[in-house]
Trainee: 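First the structure, which I've put down as structure tokens, then a few questions once you've had a look.
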Amino acid sequence: MTREHKACYGTMFHDTLHFETNKEMKGKVFSFVLKSLGLGHSDRLVKADISEWNDCLECPEFDHCYKLCMAKLAFEGAIAEG
């Protein structure tokens, strides 16, 4: 059985393994910027778009979409640490 999902399904966060420094990396709800002035990262900024979050909360797929997003985030974290 194949389920159809909204185009935004599983995209609350931007992929944390692939990013560009000094550029906003935006998911549907959450975004981040890793600022750098040369070697290393000098600052990290994280934002949440509350209007998009509210849109997600109204979605009938929210619970399992959120679980998928958190699982992807945890897996990316494990890969980044390894």
Trainee: Quick check for you: to the nearest 0.5 Å, what is the distance between C56 atom SG and I50 atom CD1?
Mentor: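 Going from SG on C56 over to CD1 on I50, the span is 10.5 Å.
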
Trainee: Please report the closest heavy-atom contact between T21 and K35, naming both atoms and the distance.
Mentor: CG2-C, 4.3 Å

Trainee: Can you give each donor-acceptor pair under 3.5 Å made by side-chain atoms of residues 65-82, sequence neighbours left out, with the distance rounded to 0.1 Å?
Mentor:
unit_1	atom_1	unit_2	atom_2	d
K72	NZ	G10	O	2.7
E76	OE1	T16	N	3.0
E76	OE1	T16	OG1	2.6

Trainee: So which atom in H18 and which in M25 form the shortest heavy-atom distance, rounded to 0.1 Å?
Mentor: O-SD, 4.4 Å

Trainee: Measure across E24 and V33 and return the closest heavy-atom pair with its distance rounded to 0.1 Å.
Mentor: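 What the structure gives for the nearest pair is CA-CG2, 3.5 Å.
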
Trainee: F62 versus M12: any side-chain heavy-atom pair under 4.5 Å?
Mentor: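 Contact flag for F62/M12 side chains = yes.
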
Trainee: Answer yes or no: is there a side-chain heavy-atom contact under 4.5 Å between K6 and K28?
Mentor: no

Trainee: What's the shortest heavy-atom distance between F32 and D15, and which atoms?
Mentor: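 Heavy atoms of F32 and D15 come nearest at CZ-O, 4.1 Å.
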
Trainee: What is the minimum heavy-atom distance between E4 and E61, and which atoms define it?
Mentor: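 Shortest heavy-atom contact: O-OE2, 3.9 Å.
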
Trainee: What about F30 and L45, same hydrophobic cluster or not, with Ile/Leu/Val/Met/Phe/Trp/Tyr joined at side-chain heavy-atom distances under 4.5 Å?
Mentor: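 No, it is not one cluster - the side chains of F30 and L45 are not joined through contacts under 4.5 Å.
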
Trainee: Can you name the nearest heavy-atom pair linking D49 to K26, along with the distance?
Mentor: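 Heavy-atom minimum between the residues: OD2-NZ, 3.9 Å.
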
